[in-house]
Colleague: 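Below are the structure tokens for one structure; questions will follow.
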Amino acid sequence: MKTQVKALVVGGGAVGTSIAYHLARAGWQDVMLLERDELTSGSTWHAAGLLPLFNMSFATTHIHKYSVEFYKTLEAETGLNAGFSIVGNLRMAQSKARMDEYMVYATTAETCGVPYEWMSPKDIKDRWPLVNIEGLEGAIYHPTDGYINPADVTMAMAKGARQRGVMIERKWQVDGYHWTGEAWEVTCTKMVEKGGNLVPSEEQIVITAEHVVTATGNHAQRTAKLLGIKTPAIPVEHQFIVTEPDPELVAYRNAGGAEHPVLRDADAKWYVREERGGWILGPYERNAPARFRFGVPDSFRADLFPLDLERIEEEYMSMIHRLPSSETVGLKDDFNGPICYTPDGNPLVGPAPGLRNMWLAEGFSFGITAAGGTGYYLAQMMVEGEAEIDMASLDPKRYGTWQSNDWAVAKNEEAYEHVFILHHPDEEREAARPLRTSPAYDRQKAAGAQFGQAGGWERPNYYAPVGFDDHASRSFRRGGWWQYAVEEAKAVREGVGLIDATAFTKHLLKGPGATAFLDWFTCNKLPKVGRINLTYALTSAGTTRTEYTIVRLAEDTYYLVSAGAWQAYDSDFLMKAIEDKIPEFGWMSCTDVTTQWGVFAIAGPKSRDLLKTLIRDADPETALSNKRFPWLSARQIELGMVPVNAIRVAYTGELGWELHHPIEMQNHLWDALMKAGEPFGLKLVGGRAQNWLRQEKSYRAFGNELGRDATPLEADLPRFVDLSKDFAGKAELEAKGVRSKCVTLLIDGPDDADPWGREALYDGATRVGRLTSGGYSVAFGKSIGMGYVAPETAVVGQKLQVKMFDKLWEAVIVEDSPYDPKNEKIRIDG
Ligand SMILES: Cc1cc2nc3c(=O)[nH]c(=O)nc-3n(C[C@H](O)[C@H](O)[C@H](O)COP(=O)(O)OP(=O)(O)OC[C@H]3O[C@@H](n4cnc5c(N)ncnc54)[C@H](O)[C@@H]3O)c2cc1C
């Protein structure tokens with residue numbers, strides 16, 4: 001057995017096998033896959049094999065779409081038939097709200113090129129007469145969906161991998177990882193059979209691998225422990241049952257009836273498909289427990305848990321209601337197995353936190369569907385440095401070191417139970433909250449804050465009368481909260497508002513190497529001492545990795561502010577780059593100070609007058625004037641007793657300051673601002689209003705307009721890219737050119753809805769792009785959005801249409817920053 005390889009993949013389920021295959025296909029030689037037992041002996045063997053193509057996540061949909069296309073090609077390549085049945089997928093709706101949800105799905109599906117059709121209850125009955133259409137509003141049908149045999153597709157990928165030179169070794173368990181500084185030394189133990197159990201033998205080897213990928217399924221907690229990292233990937237029980245042949249179904253099929261598509265009655269929380277004349281029912285029921293939270297016991301191999309029929313009784317009865325012919329059919333088989341989950345239901349794919357050349361592919365709850373695409377895109381990341389799609393939403397570092405086992409269990413159980421709930425775009429999930437709160441949380445709550453969660457942080461979304469029911473207010477259209485956000489947005493435009501931005505990611509970088517490093521690391525000119533700039537760190541492909549507001553506190557001291565919710569993601573990238581570059585640029589130290597500094601943004605035409613009453617200065621009248629405190633500068637000031645690092649910027653596009661303050665003084669500052677704000681009508685403002693306001697200024701948001709699939713030039717931000725200097729990713733950015741361009745649109749949408757930022761853009765009958773943000777503009781009294789179109793379409797005045805609720809709505813591309821394009825309001829003196 002070889003002990004020196006380029007890449008070692010740990011885990012021989014669908015996911016690991018696909019990764020090994022794709023690494024070889026991407027040209028890497030010396031790829032080895034180790035499996036502690038047999039291939040497919042993890043969750044893969046008992047999966048139902050459904051391939052739900054569409055998922056509301058852009059990255060995940062691309063991954064699923066790739067898989068479906070790829071699996072079709074495997075037989076020609078390997079001669080093995082994976083039993084792929086393309087029967088379609090029918091998502092039925094029992095309510096108008098569910099149809100609304102499908103219409104949001106549909107426009108997003110169009111942005112990914114996923115086909116769909118609408119069906120009325122009668123269409124369903126005409127095509128599949130065994131389905132009881134009582135209580136149905138309609139359905140969305142994805143014709144290219146289907147199901148596959150999970151073990152067969154894995155074996156086909158394994159054969160394809162072997163044909164491409166991959167070494168697959170079974171009965172070898174990875175028991176230790178050691179990074180030498182250049183490669184991983186991986187300790188592996190030969191596993192042997194003993195009385196039906198799989199036990200470690202005395203035989204051990206060490207394999208040296210330049211890169212390691214872990215795809216260890218339900219063993220993710222053990223893997224994390226071996227690596228010294230944290231991961232929220234913990235399995236939850238998932239069961240499905242298989243019925244005896246249903247005589248009516250058999251008769252229908254014998255008479256030439258078409259196979260039923262995979263049926264999903266989302267309101268009843270189940271999927272059903274045909275299986276040898278009978279039915280498979282897969283429910284996503286309440287109270288499915290997490291399992292193996294500290295690791296899989298040695299005694300558990302390709303085993304199952306006992307069926308818990310009581311837990312799925314409701315779903316079982318509703319299947320009988322929807323398919324009455326199943327009522328008298330007995331049960332033939334049942335499966336209750338561990339299905340790995342993460343708090344948001346998406347897998348963890350990408351570089352491991354703090355480690356080099358260590359890649360995670362863990363936490364797959366739709367691993368059969370995702371395996372093909374994960375292998376393809378992860379191999380791109382490993383071989384070329386970046387994938388062609390933005391993989392940030394799947395990055396393992398979207399969960400930071402603040403996560404804990406208890407938290408992951410609660411969130412994973414919730415994610416499982418939520419698979420079929422109505423996924424309102426304004427949904428906020430309740431489990432394990434509040435957890436990360438800024439000190440002012442209780443004060444905000446008492447003032448009526450309705451919180452959202454980002455990166456574990458509680459952040460006010462909007463403020464409503466105390467007792468307002470946020471849950472009941474959610475909608476696919478304008479929710480009950482909409483009017484409050486309108487009032488808040490208006491208050492910022494006309495008066496003054498306070499926004500809690502404490503969740504921002506913050507780093508302090510200093511030392512003799514800091515200036516040269518940052519100049520290389522980011523693409524804009526560095527600010528002078530006391531000034532700030534907006535800039536971007538790029539990926540090795542020249543696309544946007546992180547957006548920074550850089551405050552130059554002293555010659556070699558910088559305060560870096562980046563998006564909230566991305567603390568570990570940003571920190572890991574920055575720290576690794578610093579470590580790499582110290583030898584070249586000189587010593588520097590970098591500290592993640594996110595939780596040391598609170599941030600309040602005070603914004604609106606009255607913000608200066610308000611702050612003047614609090615600032616302690618020999619001449620408070622001029623302390624905040626353009627002369628002493630110009631736009632895009634930073635000053636150390638004192639507001640009452642609180643020392644504040646104040647930055648004159650406002651993400652809302654109004655006159656304003658960000659007040660970065662010691663977190664332990666937050667409540668004191670809050671009280672002082674609230675008191676001082678009274679005569680000015682200070683309004684508490686949440687994230688939803690802020691999100692609308694920033695679109696009126698065309699401020700790009702990280703994770704929406706800014707990501708690893710577009711360069712800052714494609715985001716149309718040339719003023720923040722200094723092409724006269726050298727910076728990381730510059731050559732790649734220039735080589736990319738401008739493939740598509742970010743634009744702002746004003747939209748004449750429906751009276752009761754705004755876009756969410758997931759909608760398809762049309763020019764007549766032709767799809768020309770997609771929205772990445774959406775909302776309502778109080779300045780223009782209509783819907784607003786930002787998105788990407790081809791450069792030739794990105795022309796001010798170009799009329800387009802936005803697809804919302806299955807109709808095309810007129811929209812026009814407007815100049816950047818349609819509100820106050822000359823920034824006169826931000827720069828106003830006083
Ligand atoms: C009842 C049920 C129905 C499901 N239905 C579907 C479905 O219809 N569609 C769908 O897409 N998904 C479905 N799933 C989910 C799907 O089974 C999983 O997402 C998928 O199998 C995960 O694949 P994997 O390769 O990540 O993990 P696994 O298949 O669990 O593979 C991980 C492998 O890693 C090995 N391993 C672990 N640690 C080590 C180590 N240290 N050294 C060496 N080897 C190691 C294990 O032995 C195992 O073989 C279902 C799951 C369940 C429970």
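The residues of the chain are indexed from 1 along the displayed sequence. Remember, it's 1-based here, ligands and their atoms both numbered in the order they're listed.
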Colleague: Under a 4.0 Å threshold between the charged nitrogen and the carboxylate oxygen, would D175 count as salt-bridged to R222?
Modeller: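 So R222 pairs with D175 through a salt bridge.
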Colleague: Is it possible for you to check whether R127 lies under 6.0 Å from the centre of the six-membered ring of Y141, through NZ or CZ, and within 45° of that ring's axis?
Modeller: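 Judged by the rule, R127 and Y141 form a cation-pi pair.
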Colleague: Which residues satisfy the side-chain hydrogen bond (donor to acceptor under 3.5 Å, both in side chains) test with T223, sequence neighbours excluded?
Modeller: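 Checked T223 against side-chain hydrogen bond (donor to acceptor under 3.5 Å, both in side chains); matches are T216.
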Colleague: Below 4.0 angstrom, N of the basic side chain to O of the carboxylate: do K332 and E275 qualify?
Modeller: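 The answer is no: the pair does not qualify as a salt bridge.
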Colleague: Tabulated below should be the N or O atoms of ligand 1 paired with protein N or O atoms at under 3.5 Å; can you produce that?
Modeller:
from	atom 1	to	atom 2	distance (Å)
ligand 1	5 (N)	A48	N	2.9
ligand 1	8 (O)	G49	N	3.0
ligand 1	8 (O)	L50	N	2.8
ligand 1	9 (N)	L50	O	3.0
ligand 1	11 (O)	F366	O	3.4
ligand 1	11 (O)	I368	N	3.1
ligand 1	11 (O)	T369	N	3.0
ligand 1	11 (O)	T369	OG1	2.7
ligand 1	17 (O)	S43	O	3.2
ligand 1	19 (O)	F364	O	2.7
ligand 1	19 (O)	G367	N	2.7
ligand 1	21 (O)	T44	N	3.1
ligand 1	21 (O)	T44	OG1	3.0
ligand 1	23 (O)	T44	OG1	3.4
ligand 1	25 (O)	A14	N	3.3
ligand 1	25 (O)	V15	N	3.0
ligand 1	29 (O)	S43	N	3.2
ligand 1	29 (O)	T44	N	3.0
ligand 1	29 (O)	T44	OG1	2.5
ligand 1	30 (O)	S43	N	2.8
ligand 1	41 (N)	V174	O	3.1
ligand 1	42 (N)	V174	N	3.0
ligand 1	44 (N)	R36	N	3.1
ligand 1	47 (O)	E35	OE2	2.7
ligand 1	49 (O)	E35	OE1	2.7
ligand 1	49 (O)	E35	OE2	3.2
ligand 1	49 (O)	G42	N	3.4

Colleague: Would E77 and R164 pass as an ion pair if we require N to O under 4.0 Å?
Modeller: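 Between R164 and E77 there is a salt bridge, with a charged N closer than 4.0 Å to a carboxylate O.
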Colleague: Search all heavy atoms of L80 against all heavy atoms of M155 and return the closest pair with its distance.
Modeller: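 Smallest interatomic distance, heavy atoms only, reads CD1-O, 3.7 Å.
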